[in-house]
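This report concerns only the one structure given below.
Order of appearance sets the numbers: ligands from 1, and atoms from 1 within every ligand.
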Amino acid sequence: MRSQTYASEMTPKPVIPSFAIGRDLVSMRDLSPSEVEALFHLTNLVKTRPEDFRTALAGKHVAMFFEKPSLRTRITFEAGVCGLGGTVSFVDQRQERLDARESLADIAHNLERWVSAIVLRTFAHETVESMAEHACVPVVNALSEVEHPCQALADYFTLYEKFGNLKKVTLAYVGDGNNVLHSLLLTAALFGSNIRIGTPKGYGPNAQILADAREIAKKTGGTIELITDPHKAVRGVDAIYTDAWTSMGHERETEERARIFPPYQVNDELMAEAAPHAVFMHCLPAHRNEEVTDSVIDSVQSVVYDQAENRMHVQKAILMMLVGGKNRLPLRSAHA
Ligand code: CP
Ligand code: NVA
């Protein structure tokens, strides 16, 4: 087992777990319960002692290709990589899909000669999967139509900071059964945590992801409940989470969704049905006074900016775990 140490005269030297080096983070299904625990341990270290990690990615370059807009994901990856001593190239891919000019395999076999990791925000989940399949450097999903793993990890790290033992936490997600919910569902299962899903009929989570999350939860002791009534979903919970009613790429459905989702708005009435200590969560960007009212998102119960901050800390830990401290050589034989 390889370990890496960092210059620090006064504090014990942090050890970066090496089991995930060279792997991808396309889905939360890529990580095991013990790996997410280790990731949070490292996140905690990098958040509390950032100075110990200033050169963790020295000499590493990360390439980011985004087919969709971003504030948080872009800046937290850029600031995170720079904070670890690495460098980053951002490619605005909003004008055309990543594979419009050349094949994903060809892009992968170019990138792996130059960079230590590839971060992708895409429409099709298959684009991230395909890049991961072809590239011999780690690929990180920075949001696809199916998952948003970096978000869910930051969210559960935030819950861990607020409540401690995640096995005792119940989160209610109300709204659209989208990419963010899928990753939350799998992350809750990995931590043996409890999640209630309050979505309208026809807008629930993907059946395969639900089945996979249930399979994981069986082993970890987590619970997953599907409830269409938002009031029942939030009763007594520790956290209420919501996201946009219309995700990027679904804009043509905006009007129809605006008719269906209002009962799922997180407002003062819904918050009052959660536990008195409950927190409000949102991945952002928020559509104020649609899925959440100003009174809730701006309340003392809201932890949305803690979630946003933790994106950076958790992504630093993800990159350190996947990239490690040593340059990897392209596996030429893999695509000879
Ligand atoms: N939460 C999130 O991923 O935000 P951005 O779309 O701004 O990156
Ligand atoms: N579900 C939203 C998340 C944005 C961060 C979307 O995909 O647009």
Just heavy atoms, cut-off under 4.0 Å: does Asp176 contact ligand 2 by side chain, backbone, both, or neither? neither

Examine the proximity of ligand 2 to Asn179 and report which part, side chain or backbone, both or neither, has a heavy atom under 4.0 Å away.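 Contact part for Asn179 vs ligand 2: side chain (C-beta onward).
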
For Asp243 and ligand 2, does the shortest N/O to N/O distance drop below 3.5 Å?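 Yes, there is a polar N/O contact under 3.5 Å.
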
Which part of Leu284 is near ligand 1, with near meaning a heavy atom under 4.0 Å away: side chain, backbone, both or neither? backbone

Can you list the atoms of ligand 2 that are under 4.0 Å from a heavy atom of [X]?
{"X": "Asn178", "value": "1 (N)"}
{"X": "Leu143", "value": "3 (C), 4 (C), 5 (C), 7 (O)"}
{"X": "Leu284", "value": "5 (C)"}

Are a donor atom and an acceptor atom from the side chains of [X] and [Y] found within less than 3.5 Å of each other?
{"X": "Arg97", "Y": "Thr127", "result": "no"}
{"X": "Asn110", "Y": "Glu102", "result": "no"}
{"X": "Gln208", "Y": "Asn206", "result": "no"}
{"X": "Gln307", "Y": "Thr158", "result": "no"}
{"X": "Tyr156", "Y": "Asn310", "result": "no"}

Just jot down the ligand 1 atoms closer than 4.0 angstrom to any heavy atom of [X], in number order.
{"X": "Arg311", "answer": "1 (N), 2 (C), 3 (O)"}
{"X": "His148", "answer": "2 (C), 3 (O)"}
{"X": "Leu71", "answer": "5 (P), 7 (O), 8 (O)"}

Are Phe191 and Tyr160 close enough that their ring centers fall under 6.0 Å?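 Here the rings of Tyr160 and Phe191 have centres that are no less than 6.0 Å from each other.
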
Gap separating the OG1 atom of Thr228 from the CD1 atom of Ile197, nearest 0.5 angstrom: 12.0 Å

Could you tell me whether some N/O pair between Arg74 and ligand 1 is separated by less than 3.5 angstrom? no

Are any of the N/O atoms in Cys283 less than 3.5 Å from those in ligand 1? yes

Side chain to side chain contact (heavy atoms under 4.5 Å, CB included) between Lys162 and Asp238, worked out: CA-CA 10 Å; Lys162 302 288 168 201; Asp238 304 298; over 6 Å; no

Closest protein heavy atom (residue, atom, distance) for atom 4 (O) of ligand 1: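 Nearest neighbour among protein heavy atoms for atom 4 (O) of ligand 1, to 0.1 Å: Arg72 NE, 2.8 Å.
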
Starting from atom 8 (O) of ligand 2, which protein heavy atom do you reach first, and at what distance in Å?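 Checked against all protein heavy atoms, atom 8 (O) of ligand 2 sits closest to Met248 N, 2.8 Å.
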
Has Gln93 got a side-chain atom pairing as donor or acceptor with Glu96's backbone, closer than 3.5 angstrom? yes

Of the choices Arg121, Lys68, Gln151, which has the non-hydrogen atom that lies closest to atom 6 (O) of ligand 1? Arg121

Tell me whether the count of non-hydrogen atoms from other residues, nucleotides or ligands lying under 6.0 Å of CD in Gln95 goes above 12.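 12 or below, so no.
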
